[in-house]
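Structure first, then comments.
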Amino acid sequence: MSTIRLEIVSPLRGEIYANDINMLIVRSIAGELGILPRHARLLTELVPHVMRVKAEGGEIQIAVGGGFMEVTPELITVLANAAELEDAIDVERAKAAYKRASDRIAAYQSHSKDYGEIDIRRAENALARAKARLAVKGIKVD
Ligand code: ATP
C-alpha cells in the first residue's frame, strides 16, 4: 500500500509522531479531511480534536489541541499547539481541565458569576482539548 510521511510536532514536546502512513483523518476549521498519499498541496488550521492515523499495524488516535497542517504530495506536517499519543495522556489532569472549562461555560450561560470576565471562546477550546484527550483514553463525556 502506498504511504505518505506524517510528522507531528508541538512547541513544548517537540516531535510527537513521525511515520510513513496510509491515511490521516483530521478536523480542520473547514470540516473533516481525509489525507491520502499524493494529496494536493494544502495549508489549513486544525481545531482541537482526535486525529486518526491509519498505518501498517492498524489505526491510532492522537489528541490534537489545534494548530496548523501543511500537506504536500509526499509529506504532512502538523504544527500542533499540543498533541498527545494515548500513553502520554494524564486522565486526571484532562478531567480537571474538563470540569474547569464546563463550570466556566455554565457560569457564562447562566450569568451567575462575573460572566463578563469569562472568555467563552477560550473556555470552549479548553473543553474541546480536554474532550479529545479523554476520548483517546476511551472516556466519553457529555
Ligand atoms: P491544562 O489546563 O491541564 O494545562 P490545557 O488544555 O490548557 O490543559 P494545553 O495548553 O493544551 O493544556 O497543553 C500544554 C501542555 O500540557 C502540552 O505540552 C500538552 O501536551 C500538555 N498536556 C495538557 N493536558 C494534558 C494531559 N491531560 N495529559 C498529558 N499532557 C497534557
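In listed order, ligands and their atoms are each counted from 1. Just the heavy atoms: all of them, side chains too, but no hydrogens, waters or symmetry mates, feed the values below.
The nearest pair of heavy atoms linking Ala83 to Ile16 is O-CD1, 3.3 Å.
Summary of contacts: the protein heavy atom closest to atom 7 (O) of ligand 1 is Arg129 NH2, 3.2 Å.
Distances from atom 30 (N) of ligand 1 to the heavy atoms of Arg93, Arg13, Arg133, Glu84 show the closest one on Arg13. Taking only non-hydrogen atoms, the option from Leu12, Asp90, Asn125, Leu85 nearest to atom 27 (N) of ligand 1 is Asp90.
Atom numbering of ligand 1 starts at 1 in the shown order; those under 4.0 Å from a heavy atom of Arg100 are 1 (P), 2 (O), 3 (O). Applying the 4.0 Å criterion to heavy atoms of Ile89 picks out, from ligand 1, the atoms 28 (N), 29 (C). Close contacts between ligand 1 and Ala82 involve ligand atoms 11 (O), 13 (O), 17 (C), 19 (C), 20 (O) [criterion: under 4.0 Å to a heavy atom]. Taking every heavy atom of Ala94 and a limit of under 4.0 angstrom, the matching atoms of ligand 1 come to 27 (N).
Residues Val9 and Val64 do not share a hydrophobic cluster, defined by chaining ILVMFWY side chains whose heavy atoms lie under 4.5 Å apart. Placement of Val141 and Ile105 within a single hydrophobic cluster is found when ILVMFWY residues are connected by side-chain heavy-atom separations under 4.5 Å, directly or transitively. Both Ile35 and Val78 belong to a single network of hydrophobic side chains, linked directly or stepwise wherever heavy atoms of I, L, V, M, F, W or Y lie under 4.5 Å apart.
A salt bridge is defined here as a Lys NZ or Arg NE, NH1 or NH2 lying under 4.0 Å from an Asp or Glu carboxylate O, and Arg5 with Glu7 meets this definition.
In this structure, the side chain of His49 engages the main chain of Val47 through a donor-acceptor pair within 3.5 Å.
Residue Ala88 touches ligand 1 through its backbone alone, judged by heavy-atom distances below 4.0 Å.
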